[in-house]
Amino acid sequence: MKTLPILPTSVVGSLPRPAWVRDLISNRTPLSDEQAVKAMDTAVRYAVALQEQAGLDIISDGEWRRKSYIGVIADLAEGFELSSHPRDDRPMTTVVGRLLARNSGFIAREIDFLKNITTRAVKATLPSPALLGERLWDPVRSSSAYSRREDFVRDCVPILRDEILRIRDAGADIIQVDDPHLCLFVDARIRESYSDPDEAADFGVETVNALLEGIKGVKLAVHLCRRAGARARGESSLEGGYEPILGQLSRLKVDHLTLEFSAGAAGSMAVLGRLRDELEVGLGCVDVTPGKVDSVETIMARVESALEFLPADRITLNPDCGFAPGSGAAVSLDEAYAKLCNQTEAARLLRAALPGTRRR
């Protein structure tokens, strides 16, 4: 892991894709396969340059090579049917056959390319097994392969774990598992829809821990997303603080938790003081809502609130969530850049006010 300053800055994962990148992902550009690869390499270089110019300490490739942040599993395994959602034409992936690994190393190759074009610390992201079960399993269309959602989820674990090992060996500094599923259980309305919400949340933790058990040599993280669908498709945001899942969070065998706190519905930051002592926190301190750019002062105030409960050497600054949860999301890249610039300026001012020069 590269040495980072106190209060390092990062993205969560995805960056907004310009229209031409969305066309490239959707194969709407008349290019040969070789030309398309070269064009995407150029695009990723741009995404990296943007993050470097914004001053970030930890970067991603923007997830620009992926059609869907959860559908990426279909690049790693056979057994899926690809289609488009009838409402908004976003990519849909459904498991219809038993999983069989293929194209292993797809995400590791993303990291290999990234490591060769930047000297900054780099992050790789993957969906959690339980999230895949929630989004990709259908009780009718999936039944001939997996009559139970849980069986499909468990079969995702070895495929994702193999990829994580490849990502580590490719030189990633951080591997982040994106888990909006676990965050469902902060919301009282959703908890009421489960016969045993704690059992369901425990299952999510169990599968993440099986995914990461015993993996050394890389920082392991989980991102709890509260509102990707709310931004991209107008769905309701999750409401409620993290207290209902505090026990599950403490049992996750990871080094780092990325939590959203820019939304008022996220509750009090006092919950940070109840996490186990060795956990780092990626503090969601920048609102990702389109059209809203938090000031430097607003971002600083959020971090200062977190510093009441955590020491500075356990905090990373990042936006609440990825900027573009789906490849078709039309979000302003310039706006995202402005948000990231304000985030890094907030970090600079906060570091200057801290005693000493502690680094990690």
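Worth saying up front: this structure is predicted, and the values here are computed from it rather than measured. Hydrogens, waters and symmetry mates are skipped; everything else that's a heavy atom, side chains included, is used.
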Stepwise side-chain contact (heavy atoms from CB on, under 4.5 Å) test for I159 and L99 = CA-CA 9 Å; I159 291 169; L99 299 193; 3.8 Å; yes

key: Under 3.5 Å side-chain donor-acceptor pair for S104 and E163   = no

request  = Starting at CG of L220, measure out to CD1 of I174 and round the result to the nearest 0.5 Å.
outcome  = 10.0 Å

ask   = Who passes salt bridge (charged side-chain N to carboxylate O under 4.0 Å, His left out) against E192, sequence neighbours left out?
value = none

task = Mind checking side chain to side chain contact (heavy atoms under 4.5 Å, CB included) for L246 and listing every partner two or more places apart, or none if nothing turns up?
result = V271, R274, L275

request  = Sort and list the pairs that fulfil salt bridge (Lys or Arg N to Asp or Glu O under 4.0 Å) and have at least one residue in residues 41-51, not counting sequence neighbours.
outcome  = D41-R65

ask   = Would you call D57-R351 a salt bridge at under 4.0 Å N-O?
value = yes

request  = Not counting sequence neighbours, which residues clear ring pair (Phe, Tyr, Trp, His ring centres under 6.0 Å) with F152? List them please.
outcome  = Y146

remark   = The side-chain hydrogen bond (donor to acceptor under 3.5 Å, both in side chains) partners of D294 (sequence neighbours excluded) come to R302

task = Apply side chain to side chain donor-acceptor pair (under 3.5 Å) to the pair E280 and T316, showing each step before the final yes or no.
result = CA-CA 8 Å; E280 293 180 6; T316 295; 4.6 Å; no

query = Can you get from F203 to L136 by hopping between Ile, Leu, Val, Met, Phe, Trp and Tyr side chains that sit under 4.5 Å apart?
reply = no

message = Please check: side-chain N/O of T118 versus main-chain N/O of L114, any donor-acceptor pairing under 3.5 Å?
response = no

key: Side chain proximity check, R102 to L76, heavy atoms < 4.5 angstrom   = no

query = Which residues satisfy the side chain to side chain contact (heavy atoms under 4.5 Å, CB included) test with T94, sequence neighbours excluded?
reply = V96, D138, R141, S142

ask   = Any donor and acceptor pair, going by atom type alone, linking the side chain of S26 with main-chain N or O of R28 inside 3.5 Å?
value = no

Nearest heavy atoms of V186 and G241, plus distance in Å = CB-O, 3.4 Å

request  = Side-chain contact test, heavy atoms from C-beta onward, threshold under 4.5 Å: evaluate it for M269 versus E308 and give yes or no.
outcome  = no

ask   = Do you know the tightest heavy-atom contact between A74 and F80?
value = CA-CD1, 3.8 Å

query = How about D33: does its CG atom have over 12 heavy atoms from other parts shown lying under 6.0 Å from it?
reply = no

query = Would you say the side-chain atoms of T258 pair up with the backbone N or O of H223, donor to acceptor, closer than 3.5 Å?
reply = no

side-chain hydrogen bond (donor to acceptor under 3.5 Å, both in side chains) partners for Q51, two or more places apart = none

query = Does some side-chain heavy atom of H256 sit less than 4.5 Å from a side-chain heavy atom of I175?
reply = no

ask   = Has the side chain of R120 got a donor or acceptor atom that lies under 3.5 Å from a matching backbone atom of I58?
value = no

ask   = Transitively linked via ILVMFWY side-chain contacts under 4.5 Å: I111 with V37?
value = no

Test item: Q53 and L50 side chains (from C-beta on) under 4.5 Å apart, heavy atoms = no

query = Quick one: side chain to side chain contact (heavy atoms under 4.5 Å, CB included) partners of E297, sequence neighbours excluded?
reply = S295

Residues E81, T93; criterion side chain to side chain donor-acceptor pair (under 3.5 Å); working and verdict = CA-CA 6 Å; E81 180 179 273; T93 306; over 6 Å; no

task = For E243, look at atom CD and say whether over 12 heavy atoms of other residues, nucleotides or ligands are found less than 6.0 Å away.
result = yes

query = How would you list, by chain and number, every residue that makes a side chain to side chain contact (heavy atoms under 4.5 Å, CB included) with D173, sequence neighbours excluded?
reply = M1, K2, K115, A121, V122

request  = Check whether any side-chain heavy atom of I59 sits under 4.5 Å from a side-chain heavy atom of S10, and report yes or no.
outcome  = no

message = Could you check whether S332 and D334, counting side-chain N and O atoms only, form a donor-acceptor pair closer than 3.5 Å?
response = no

ask   = To the nearest 0.5 Å, what is the distance between CE (M40) and CD (E110)?
value = 10.0 Å

Check ion pair K292-D287 (N to O, under 4.0 angstrom) = yes

ask   = Residues two or more places apart in sequence or in another chain: which of them pass side-chain hydrogen bond (donor to acceptor under 3.5 Å, both in side chains) with Q35?
value = S32

ask   = What are the two closest non-hydrogen atoms of A347 and L317, and how far apart are they?
value = CB-CD2, 3.8 Å

ask   = Is L131 reachable from L82 through a run of hydrophobic residues whose side-chain heavy atoms are each under 4.5 Å from the next?
value = no

query = Between the main-chain N or O of R17 and the side-chain N or O of R22, is there a donor-acceptor pair closer than 3.5 Å?
reply = yes

task = Give the minimum heavy-atom separation between V293 and E335, together with the two atoms involved.
result = CG2-CG, 3.8 Å

Any side-chain heavy-atom pair of V153 and L132 under 4.5 Å = no

query = Minimum heavy-atom separation for R191 to D198, with atom names?
reply = NH2-OD1, 3.0 Å

ask   = Taking only residues two or more places apart in sequence or in another chain, which ones pass ring pair (Phe, Tyr, Trp, His ring centres under 6.0 Å) with Y194?
value = F185

message = Taking R251's backbone N and O only, do any of them form a donor-acceptor pair with N209's side chain (distance below 3.5 Å, no angle check)?
response = yes

inquiry  = Are Y242 and F261 an aromatic pair, judged by ring center distance below 6.0 Å?
reply    = yes

ask   = Is V12 reachable from L272 through a run of hydrophobic residues whose side-chain heavy atoms are each under 4.5 Å from the next?
value = no

request  = Examine distances only and state if a side-chain atom of K123 and a backbone atom of V11 form a donor-acceptor pair shorter than 3.5 Å.
outcome  = yes

inquiry  = Under 4.0 Å between a side-chain nitrogen and a carboxylate oxygen: does that hold for E78 and R98?
reply    = no

request  = Could you tell me whether D75 and K67 make a salt bridge, using a distance below 4.0 angstrom between a side-chain N and a carboxylate O?
outcome  = no

key: Pairwise side-chain contact, W64 with L24, heavy-atom cut-off 4.5 Å (strictly under)   = no

message = Hydrophobic cluster membership, with links at side-chain heavy-atom distances under 4.5 Å among I/L/V/M/F/W/Y: are L211 and L126 in one?
response = yes

request  = Taking T344 for its side chain and C341 for its backbone only, find out whether a donor-acceptor pair lies under 3.5 Å.
outcome  = yes

ask   = Ignoring hydrogens and geometry, is there a side-chain-to-backbone donor-acceptor pair from D320 to S262 under 3.5 Å?
value = yes

message = Any heavy-atom pair between the side chains of R166 and F106 that's under 4.5 Å?
response = no

inquiry  = Checking D179 now: which residues fulfil side-chain hydrogen bond (donor to acceptor under 3.5 Å, both in side chains) with it, not counting sequence neighbours?
reply    = S128

ask   = Hey, are R148 and D151 close enough for a salt bridge, meaning a charged N less than 4.0 Å from a carboxylate O?
value = yes

query = Is the number of heavy atoms from other residues, nucleotides or ligands under 6.0 Å of Y46 OH greater than 12?
reply = no

task = Take atom CD of E278 as the centre, draw a 6.0 Å sphere, and report whether it contains more than 12 heavy atoms from other residues, nucleotides or ligands.
result = yes

V218 backbone acceptor or donor facing R168 side chain under 3.5 Å = no

remark   = A312 and L7 have their tightest heavy-atom pair at O-CD2, 3.7 Å

